[in-house]
Structures are given as structure tokens and as C-alpha cells.
4 protein chains.
Amino acid sequence: MIIELDMQSDVPIYTQLVHQIIEGIASGRLKPGEPLPSVRNLASDIGVNLHTVNKAYTLLKQDGYIQVHRQKGVVVHPEGMPPVTEDFLNKQLEELRPIVAEAICRGMTKDDLLKTVEHIYLKITQTRKE
Amino acid sequence: MIIELDMQSDVPIYTQLVHQIIEGIASGRLKPGEPLPSVRNLASDIGVNLHTVNKAYTLLKQDGYIQVHRQKGVVVHPEGMPPVTEDFLNKQLEELRPIVAEAICRGMTKDDLLKTVEHIYLKITQTRKE
Amino acid sequence: MIIELDMQSDVPIYTQLVHQIIEGIASGRLKPGEPLPSVRNLASDIGVNLHTVNKAYTLLKQDGYIQVHRQKGVVVHPEGMPPVTEDFLNKQLEELRPIVAEAICRGMTKDDLLKTVEHIYLKITQTRKE
Amino acid sequence: MIIELDMQSDVPIYTQLVHQIIEGIASGRLKPGEPLPSVRNLASDIGVNLHTVNKAYTLLKQDGYIQVHRQKGVVVHPEGMPPVTEDFLNKQLEELRPIVAEAICRGMTKDDLLKTVEHIYLKITQTRKE
DNA sequence: GTGGTCTAGACCACC
DNA sequence: GTGGTCTAGACCACT
């Protein structure tokens, strides 16, 4: 699994890590039950401090994306992913709203925007079917 | 124009301000050329620091959403909104990607997601036609 | 609010902090909306690293005991405490079971045990009524 | 005797083992003098490391719950259980306090809490009378 | 060797 | 001045 970090980004590194791993799961490159590198290994591989990786893993664990198994180490949650809760939908709504609003201001039509979202969705999931 | 701030949110207040004003423009509640409250007034109205409002206005000016006249004060940009640049599309893509990926992980179908985005789009623009 | 830490205990310092603050709330010494010391102040007061205090605060925030207000700093959650969820009852059950089992082994009667629990309950809440 | 371990739990496996065996004794499923599986057998049965089982047995022996004979192997202590010492009561108090405090915060009444403890007590001891 | 905990010290974003 | 983030380095508990 390839991790790409942007050290200049204002998005915290641990957040970028969380995003990349979630995208890895969404794309099927990371499968349920599959082991993830240890905190220390991943940290040295991508050249960040182990605490940064640790924070990312902790957040992923809290949300149910991964498990910290006392023997196998860190693995992608083997029994499916966290469900679509009401909290999640609210969070998603609050994240999407400013993006949609800005798109409207700049004159993107509804179809333009939907096509963009669809394109992203398909790009992520396409590797799944291969 | 009503501004709603969440002091507990992890989104900075100035960012919340920017979002709310952009959404106000997108929804048509704020029209091109319409005056906005002065930094000082808005700050005291919503109970935040002057710097916070100032930073929000500065960002909005940089992106071309508002103009700051020496005399007329702050107004919504009268000559249309900033265009859909390539930079904007890239930024939008990077913002949408983790949201879409998380939706996929949790089992939202493409249609579910598109319907959500469409719903937000319509909710924001509906007041426009009235 | 007096914090007592046992540096020799095998209970992590941040956990001891969480316990003490929860007990402070339970006893009424910490009231809803009341401000808590800043991470740095508390850390220097009790002689531990600020990260340790930070972790305790983060956990308390996650469980809804405190709020991190962008202006007022850290305060005891003003609108009542987290509810008795099913998750909480399960966690409580799993914590109590080994304690009860050990008490049984050592020959404590049911009444002995209940009296002990009642005594603790009253000791914590007594200051409330004063 | 069935042992149930949770590899995801933050409770160490050896502690879970100690708890389960103590609960086995408390419930009467393990009777004084009854033999326990050897370190080696138990370890392979439940799929954990030898050291882990060994540590659990060592702790149980220290507290007087089991005896380790050179020949007979490991047996539940035949001559009654460890007594209710002052040290034990203090330890119990320190374990119960944060649990009780959290229950109070979340609005459990004294009777709710006592009923929960009583329920656990009876659930463990009920098999004894059969 | 693994994750968990703690420390020390630094920089930045926010207010 | 506040919390948030990141680094570096250390020790320990667990397996």
C-alpha cells in the first residue's frame, strides 16, 4: 500500500493518513482482516514520527475501520465496516455543505457537481472490480 | 443575515464565517453589491474577536467573493463570482475524495451519495427562485 | 479542585486524572459550565507533562463530560452529563464482574458488598447536598 | 471450563485469564482441589503464548487462589480461599470508586447501581446452588 | 518486536 | 495565552 503525504498541506499528517487508509479500504486495495504495518514500520517508511502514525491508527480504531489485535497486530476490521449512522450522515452533510455552496457560487451546475462526485466515486471503486 | 457559530466545533470560527457567507451568497440571500456589516459591527453582533471577522473577510476578498471599499464598506462582489478555475477544481477534488471514500466504506451506494449532494444543492438554491 | 496522583500506581496518570475529574463532577465540586484549568496550567500544577493532561481532557471530551470551548477554554459540560447508554452498562458490567467475583471468592456476603458500594456512593454524593 | 478471551480488549490477556478463573471458582464451576490444565495445555487450547498463561497462574498463586504441585500439577487451592484483608478492601475500594463516580455522573440512582451489583452477584453464585 | 505511556521541547493556528 | 500538531527519545507491559 502506497501512502502519499503532502508535508506542505495544512491538513494534519495524521488526518492525511486516515484519509489514505480509508481510501485504501474503499478501493479494495486493503481488504478486511488484512494486516497493516506496525506503527513503527509505517512511521519509518513514510518518514514521520511514530506518534503521528499512532494517532491515525487510534482514530481509525475508534471509528471501527481497524482493529488492534493483541497477537496479529493492526488489521483492517475483518467484519465489515462501520454502518451509516445518523451521526455520520450529519457529519457528512456539514462537510459537504460548504463545498456545494462554493460550487454554486462559482457557477457549477448541479449536473457538473454530480458528475464530479460520480467521477470520484467510480475512480475509487474501479480497482475493486478488477 | 443570520450567522450561526458552533464554538465547540473543530472548524475555526473564521472558517465557519467564510462558509456561512458563501452559503448566503449561493442561496441568494446575499445579492451582488449588497453591503455586509463592518468588521466591528459583525464582531460585536456575533460576539467574536475583531481579528476573527477580519480574517474571514480577508479570505473572502482574496477569493473574489467580496469587495472592501474605503467608503461603502464591505459589499458582496457586484460583478459576479469567481470562476471555476483549475485550481478550484483540484481543491474541490481533494476535499471531496475523503468524503466519498468514507461513504463507500460505510456502504453508501453511488445513488445514495449523489442524492445527498443533490439534496444539499437544491436546499441551498431553492430560496433563490422565490 | 485538588488532584491527587499516585505516580507509583500501575494506573496510567491520564486515567487517574480522568477518574478524579469525573469524581469531582459526581461529588458536585465541579459544576456544569465551570471552567477547568488550561492544559498547561494543570500540567504544571500537578507536575506532569502537558500531553498527559491533554490526553485526559481528550478522553473526557469524547465521553461528553467536558467541552472545549473556543473562547472560554475547557469547561465542564454545561448541559448535563452523558446518558446511561447500553454501551455504558455493558462496560460497567465487565468492570464490575471481576471485582464481584473476587469478593465472592474471599467470602464477602452479598450484603457486605452492597454495603461497600453504598458507602462509596454516599461518600461521593454527600458533599453535594451541603 | 470454557475460557473466553477478547483479543481486541485493552485488558491484558493474562488479566482476562485471571478474571475468568476467579469467576470460575466464585461460581463453583471450579471446586477446591480440582486440577487445572497445565500451562502448556491451556496455552495451546486457547491459542496464546506460554508466558501469558504462566503469568496468570503465577498471579493466582500469589493471591492464594491456586497451588502449583510438582506432581499433581496446578490445582484450585484446596483449603479455602484467601481472606478479606485490609489490603484487599483498599484495593477493592480504589477499583470501585471510579465506577461508582461515573455511574453517579450519568444519573444512575443508588438503587439502580446496587441492583446491578446484586444482579452480578446472583448471576455468578446461582450455579453454585445447583 | 508490539503497542502504550510519558517526557521534553518546539512550532503553529486560533482568538 | 489557548489548544493542536509534530518530533525525538525513553521506558514499560504484553506476547
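Lettering of chains follows the sequences in order, A, B, ..., and the numbering in each one begins at 1. Everything numeric in this text was worked out from a predicted model, so none of it was measured.
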[X] side, atom [atom1]; [Y] side, atom [atom2] - distance, nearest 0.5 Å:
X       : Y       : atom1 : atom2 : value
A:Leu50 : A:Lys55 : CG    : NZ    : 14.0 Å
B:Leu17 : B:Ile22 : CG    : CD1   : 11.0 Å
B:Leu60 : B:Gln67 : CG    : CD    : 12.5 Å
B:His51 : B:Ile13 : NE2   : CD1   : 13.5 Å
C:Lys72 : B:Gln8  : NZ    : CD    : 7.5 Å

_Nearest-nucleotide 5' precedence on DNA chain F, D:Thr15 against A:Met7_ =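 This one resolves to A:Met7.
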Tell me whether [X] contacts the main-chain N or O of [Y] through its side chain, where contact means a donor paired with an acceptor under 3.5 Å.
X       : Y        : value
D:Gln16 : D:Val11  : yes
A:Arg97 : B:Ile120 : no
B:Gln20 : B:Glu4   : yes

In whole Å, what is the span from the [atom1] atom of [X] to the [atom2] atom of [N]?
X       : N      : atom1 : atom2 : value
D:Tyr14 : E:dT2  : OH    : C1'   : 16 Å
D:Gln8  : E:dT2  : CD    : P     : 18 Å
B:Asp6  : E:dC15 : CG    : P     : 12 Å
A:Leu5  : F:dT5  : CG    : P     : 15 Å
D:Asp10 : F:dA13 : CG    : P     : 16 Å

_Can you list, in residue-number order, the parts of residues 58-72 of chain C that come under 4.0 Å of DNA chain E, counting heavy atoms only?_
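Here the set is C:Arg70, C:Gln71.
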_D:Glu95, D:Lys91, D:His19 screened by side-chain contact (heavy atoms from CB on, under 4.5 Å) with C:Ile99, the one that passes_ =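 Running side-chain contact (heavy atoms from CB on, under 4.5 Å) over D:Glu95, D:Lys91, D:His19 with C:Ile99 returns exactly one hit, D:Glu95.
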*Please name the residue in the list A:Val53, A:Thr52, A:Asn54 that meets the side-chain contact (heavy atoms from CB on, under 4.5 Å) test with A:Leu42.*
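Single side-chain contact (heavy atoms from CB on, under 4.5 Å) partner of A:Leu42 among A:Val53, A:Thr52, A:Asn54: A:Val53.
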*Where DNA chain E forms stems, i.e. three or more consecutive Watson-Crick or G-U pairs with both distances under 3.5 Å*: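 Stem list for DNA chain E: E:1-14 with F:1-14.
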*Check: D:Ser38/D:Arg40 side-chain N/O donor and acceptor closer than 3.5 Å*: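 No, because no side-chain N or O of D:Ser38 sits under 3.5 Å from a partner of the opposite role on D:Arg40.
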*Residues of residues 31-56 of chain C with any non-hydrogen atom less than 4.0 angstrom from an atom of DNA chain F: list those, numerically ordered, please.*
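Within this stretch, C:Ser38, C:Val39, C:Arg40, C:Asn41, C:His51, C:Asn54 sit under 4.0 Å of the strand.
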